[in-house]
Asks: 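Dropping the structure in here first, questions after.
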Amino acid sequence: MLDIHSLRKDAGAVASRLAARGFDLDIAAFQSLEAERKTVQTRTEELQARRNQLSKAIGQARGKGEDASALMAEANGIPAELATNEHRLADVQARMNAFLLAVPNLPHESVPAGRDAEANVEVRRVGTPRTFEFPVRDHVDVGTALGGLDFDTAVKIAGARFSLMKGPVARLHRALAQFMLDVHTAEHGYTEVYAPYIVNADSMRGTGQLPKFEQDLFKVPHNDGHMYLIPTAEVPVTNIVRDSIVPLDQLPLRFVCHTPCFRSEAGSYGRDTRGMIRQHQFDKVELVQIIHPDRSYAGLEELTGHAEAILQRLGLPYRVMTLCTGDMGFSAAKTYDIEVWLPGQDAYREISSCSNFEGYQARRMQARFRDDKGRPQTVHTLNGSGLAVGRTLVAVLENYQNADGSVTVPAALRGYMGGMERIAAA
RNA sequence: GGAGAGGUGGCAGAGUGGUCGAAUGUACCUGACUCGAAAUCAGGCGUAGGUGCAAGCCUACCGUGGGUUCGAAUCCCACCCUCUCCGCCA
């Protein structure tokens, strides 16, 4: 959530920055809540202070064997009024909290203004799409012909938006994840993490999936309540630092984590229905950094470069886009999308999203570090896909397809494929 | 699934109704002593919110939520979590 102090100080300035991303901040509602909070909180604390004074005095009088009935008489009048005020305070604080949780992050000043994806800005383009001297097939046709992708059976087992991989294609999928983990741990300084795939509501709230996006999550009944399947490893991994104070000399924390991701994609019926572009379950290798505020934008550039390195090593052409204010996720202050070239779609498609959340998630999570004066300060959080494994598999199948229907194994992956250079139909 | 124990400050560990945000130890910081260090001595040392230019002051927090009371770490109720043993089990 936003820092409430900035809203108190200059709600107008905050509102105009939010307007850039299409969010209409209700300043009047905020100010009325804030005024009510102040009145009620002041009165509540006065009553508490008076009660504490009287109770202490009663205790002292009793200790000396004096008569405390006058004090008792006054003290007797406090609990009723105090209870009323405490309830009002809890209520106004809950309403303020709900108000703040519904406000998205402020876009960074370097983020281009715009309504939707049309206004995203291309930063760079790396690699040249290959020209094919035969009709290009998409990954569904390539993978199905190889006997490695079987969507019909996946539908029987689970339903639409699930996939079943077999044989060398399934192995290629595994190889990609292994390769990504190895590069990020050995060369980019990330610590490998294995984390829960099912988490509690506090964790979902910490990274911003709740309360606004519950409809996108898979919910699991548990102990009279429920838990949630993670939509990304960002959730369990970033929450490592929830409710904690990280020593300054440990920053930045860099974690890499390979998990399946589960998304109900409730709002996207009809989009990308073919193939494994948009699935209820997919694997992703996620990069997370917990970083000093002064370093977070440099960190975002580095992290994006770490994700790009995977595409470069795989020889996949891509471009990097700066998302405009209207296209960014709720919690992000700045986001780069990396889009890989998919010849089967004749288009660049998102394969990684790298974001700086500044203190937005950290404030929700109460994640802090101790500055050089020993004061707790909010950390900044970054994350990015490095990369989405399923979509990377799609990119390899499409970009490395051959005229005879086989797929060349990218050189970087052969060590993970037992030296296999080509996947051909069995 | 069954039985038991327990959740207090970075850690250890007191505290069973009143002056307790909490003894003591330890860790850490500052100072003294020392050529320096160790040891010793003195002081400091939780988080959050509010208010104030500031020094400061006020409030909340002893797993969570409710209750009793003028007053709760302490009493009552519910829940959550952790640990130990047994059973089952990848």
Side-chain angles (χ1 to χ4, degrees), chain A residues 1-9 11 30-101 194 196-206 220-228 236 239-251 253 260 359-379:
Chain A
M1 66 179 75
L2 297 184
D3 184 357
I4 193 170
H5 298 103
S6 67
L7 275 162
R8 287 191 185 129
K9 202 155 74 183
F30 171 77
Q31 286 173 342
S32 129
L33 271 174
E34 174 64 4
E36 186 180 353
R37 189 226 97 220
K38 197 162 182 166
T39 307
V40 177
Q41 182 168 348
T42 304
R43 182 61 188 150
T44 303
E45 292 186 357
E46 278 171 9
L47 287 166
Q48 287 170 332
R50 185 64 191 147
R51 176 202 60 195
N52 292 345
Q53 288 167 5
L54 287 169
S55 295
K56 191 174 273 194
I58 290 167
Q60 285 169 340
R62 287 262 177 92
K64 291 185 231 158
E66 296 168 0
D67 174 40
S69 56
L71 294 166
M72 292 283 284
E74 184 183 351
N76 273 314
I78 291 181
E81 189 187 353
L82 181 57
T84 306
N85 277 277
E86 283 178 335
H87 287 126
R88 279 186 66 199
L89 183 60
D91 175 67
V92 72
Q93 282 174 336
R95 282 185 284 133
M96 178 62 92
N97 200 39
F99 179 89
L100 291 174
L101 284 175
Y194 173 87
Y197 301 161
I198 306 177
V199 302
N200 57 35
D202 283 341
S203 293
M204 286 295 183
R205 236 184 318 273
V220 189
H222 178 69
N223 282 356
D224 300 329
H226 49 262
M227 297 180 77
Y228 299 89
N239 274 283
I240 289 173
V241 295
R242 172 155 54 87
D243 293 325
S244 62
I245 301 178
V246 182
L248 183 61
D249 60 11
Q250 284 183 22
L251 295 178
L253 296 173
Y360 189 87
Q361 292 179 327
R363 272 186 295 273
R364 288 181 171 227
M365 289 192 300
Q366 288 264 55
R368 292 150 292 165
F369 70 99
R370 216 171 271 288
D371 67 17
D372 47 18
K373 293 193 185 74
R375 308 291 303 168
Q377 301 279 342
T378 303
V379 295

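In this text, all values refer to a predicted model and were calculated from it rather than measured experimentally. Atom set for the values below is all heavy atoms of this structure, side chains included, hydrogens, waters and symmetry mates excluded. Throughout, protein chains are lettered first and strands after them, A, B, ... in sequence-line order, and every chain is numbered starting at 1.
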Asks: Would you mind telling me which residue lines up with the more 5' stretch of RNA chain B, A:Thr42 or A:Ile245, judged by nearest nucleotide?
Replies: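 Upstream on the strand: A:Ile245.
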Asks: Taking the same atom, P, in B:U26 and in B:C41, what whole-Å distance lies between them?
Replies: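 B:U26 and B:C41 have their P atoms separated by 9 Å.
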Asks: Who does B:G46 pair with, Watson-Crick or G-U, both distances under 3.5 Å?
Replies: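 The base-pairing partner of B:G46, which may sit in any strand shown, is B:C61.
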Asks: Run A:Met96 and A:Glu36 through side chain to side chain contact (heavy atoms under 4.5 Å, CB included) and show every step you take.
Replies: CA-CA 10 Å; A:Met96 178 62 92; A:Glu36 186 180 353; over 6 Å; no
Asks: Side-chain N or O of A:His87 less than 4.0 angstrom from OP1 or OP2 on B:G66?
Replies: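 Indeed not, no polar side-chain atom of A:His87 lies that close.
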Asks: How far, in whole Å, is B:C45 from B:C28 if one measures between their C1' atoms?
Replies: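 Between the two C1' atoms, the distance is 8 Å.
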Asks: Could you work out the separation of B:A22 and B:G9 based on their C1' atoms and round it to a whole Å?
Replies: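 My reading of the C1' atoms in B:A22 and B:G9 gives 9 Å.
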Asks: Starting from the C-alpha separation in whole Å, work towards a yes-or-no answer on side chain to side chain donor-acceptor pair (under 3.5 Å) for A:Arg50 and A:Gln53.
Replies: CA-CA 5 Å; A:Arg50 185 64 191 147; A:Gln53 288 167 5; 2.8 Å; yes
Asks: What's the closest nucleotide to the A:Ile58 side chain, out of B:G18, B:U59, B:G49?
Replies: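 Closest nucleotide to the A:Ile58 side chain: B:G18.
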Asks: If you check the A:Gln48 side chain, which of B:G50, B:C70, B:U59 turns out closest?
Replies: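 Of the options given, the side chain of A:Gln48 lies nearest B:U59.
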Asks: Mind calculating the distance between CZ (A:Arg43) and C1' (B:C58) to the nearest angstrom?
Replies: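 Roughly 14 Å, once rounded to whole Å.
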Asks: With the side chain of A:Arg37 defined as its heavy atoms from C-beta on, choose the nearest nucleotide among B:G50, B:G18, B:U19.
Replies: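 Ranking B:G50, B:G18, B:U19 by closest atom to the A:Arg37 side chain puts B:G50 first.
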Asks: Is A:Arg368 near enough to B:A48 that one of its side-chain N or O atoms lies under 4.0 angstrom from OP1 or OP2?
Replies: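 Affirmative; the distance criterion is met.
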Asks: Quantified in whole Å, what is the P atom distance between nucleotide B:A14 and nucleotide B:G25?
Replies: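 About 15 Å, rounded to a whole number of Å.
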Asks: Parallel, tilted or perpendicular, judged at 30° and 60°: which one describes the rings of A:Tyr197 and A:Tyr194?
Replies: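 Tilted.
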Asks: Which nucleotide in the set B:U51, B:A60, B:G49 lies at the smallest distance from any side-chain heavy atom of A:Lys38?
Replies: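 Given the options B:U51, B:A60, B:G49, the side chain of A:Lys38 is closest to B:U51.
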Asks: Which nucleotide in the list B:C70, B:A48, B:U59 gets nearest to the side chain of A:Ser55?
Replies: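 The answer is B:C70.
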Asks: Let me know the distance between CD of A:Gln250 and C1' of B:G10, rounded to the nearest Å.
Replies: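 Answer to the nearest Å: 13 Å.
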Asks: With rounding to the nearest 0.5 Å, note down the distance linking CG in A:Asn97 to CE in A:Met1.
Replies: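 It is 4.5 Å, given to the nearest 0.5 Å.
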Asks: Of A:Ile4 and A:Arg375, whose closest RNA chain B nucleotide lies nearer the 5' terminus?
Replies: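 Here A:Arg375 is the residue nearer the 5' end.
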Asks: Can you check the A:Gln53 CD to B:G71 P distance for me, whole Å?
Replies: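 From A:Gln53 CD to B:G71 P: 15 Å.
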Asks: Sort out for me which residue in A:Gln31, A:Arg37, A:Lys38 forms a side-chain hydrogen bond (donor to acceptor under 3.5 Å, both in side chains) with A:Glu34.
Replies: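 With A:Glu34 as partner, side-chain hydrogen bond (donor to acceptor under 3.5 Å, both in side chains) holds for just one option, A:Arg37.
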Asks: Using atom CG of A:Asn52 as one end and atom C1' of B:U19 as the other, report the distance to the nearest whole Å.
Replies: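 Atom CG in A:Asn52 sits about 12 Å away from atom C1' in B:U19.
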Asks: Return the nearest nucleotide to the side chain of A:Arg8; candidates are B:A60, B:G18, B:G49.
Replies: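 Ranking B:A60, B:G18, B:G49 by closest atom to the A:Arg8 side chain puts B:G49 first.
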Asks: For B:G10, which nucleotide is its Watson-Crick or G-U wobble mate, given both distances must be under 3.5 Å?
Replies: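 Result: B:U26.
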Asks: To the nearest Å, give me how far apart NZ (A:Lys56) and P (B:G18) are.
Replies: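 To the nearest whole Å, that distance equals 13 Å.
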Asks: Any strand counts, and the cut-off is 3.5 Å on both contacts for Watson-Crick or G-U wobble. Which nucleotide pairs with B:A5?
Replies: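 Matched B:A5 with B:U82 under the 3.5 Å cut-off.
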Asks: Which base, if any, makes a Watson-Crick or G-U wobble pair with B:C88, both distances under 3.5 Å?
Replies: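 Because no pair has both required distances under 3.5 Å, B:C88 counts as unpaired.
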Asks: Looking at B:U34, which nucleotide sits across from it as a Watson-Crick or G-U wobble partner, both distances under 3.5 angstrom, or is there none?
Replies: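 The answer is none; no pair meets the criterion.
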Asks: Could you give the distance separating B:U74 and B:G66 at their P atoms, to the nearest angstrom?
Replies: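 After rounding to an integer number of Å, I get 14 Å for this pair.
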Asks: Just to be sure I understand the rule, does A:Leu54 reach a base, reach only the sugar-phosphate, or reach nothing, if contact means heavy atoms closer than 4.0 Å?
Replies: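 No contact.
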Asks: Hunt down the Watson-Crick or G-U wobble partner of B:U69, both distances under 3.5 Å, from any strand shown, or write none.
Replies: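 Across any shown strand, B:U69 pairs with none.
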Asks: Identify whether any heavy atom of A:Arg370 sits under 4.0 Å from a base atom; if not, whether one sits that close to sugar-phosphate; answer base, sugar-phosphate or nothing.
Replies: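 Touches sugar-phosphate only.
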Asks: Between A:Arg205 and A:Asp202, is there a side-chain N and carboxylate O pair less than 4.0 Å apart?
Replies: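 Salt bridge present between A:Arg205 and A:Asp202.
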Asks: With C1' as the reference atom in both, quote the distance from B:G21 to B:A73 in angstrom, rounded to an integer.
Replies: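 Pairwise C1' distance, B:G21 against B:A73, rounds to 10 Å.
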Asks: If you only use heavy atoms from C-beta on, which nucleotide in B:U51, B:C58, B:A60 is closest to the side chain of A:Ala49?
Replies: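 For the A:Ala49 side chain, the nearest candidate turns out to be B:C58.
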Asks: What is the separation between atom NZ on A:Lys9 and atom P on B:G52, rounded to the nearest whole Å?
Replies: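 Spelled out: NZ on A:Lys9 to P on B:G52 is 14 Å.
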Asks: Assess the side chains of A:Gln361 and A:Arg364: does a donor N or O sit below 3.5 Å from an acceptor N or O?
Replies: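 Checked: A:Gln361/A:Arg364 side chains show no N/O donor-acceptor pair below 3.5 Å.
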Asks: For nucleotides B:G6 and B:G63, find the distance between their P atoms and express it as a whole number of Å.
Replies: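 Their P atoms lie roughly 14 Å apart.
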Asks: Could you give the distance separating B:G15 and B:C62 at their C1' atoms, to the nearest angstrom?
Replies: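 These two C1' atoms come out 11 Å apart once rounded.
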Asks: Mind checking A:Gln60 for me? I need base, sugar-phosphate or nothing, with any heavy atom below 4.0 Å counting as a touch.
Replies: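 The residue A:Gln60 makes base contact.
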Asks: Hey, are A:Asn200 and A:Ser203 close enough side-chain-wise for a donor-acceptor pair under 3.5 Å?
Replies: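 The answer is yes; a qualifying pair exists.
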Asks: Separation of A:Glu74 atom CD from B:C70 atom P, in whole Å?
Replies: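 Answer to the nearest Å: 14 Å.
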Asks: A:Met72 has an atom CE; how far is it from atom P of B:G71, in whole Å?
Replies: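 Distance, rounded to whole Å: 9 Å.
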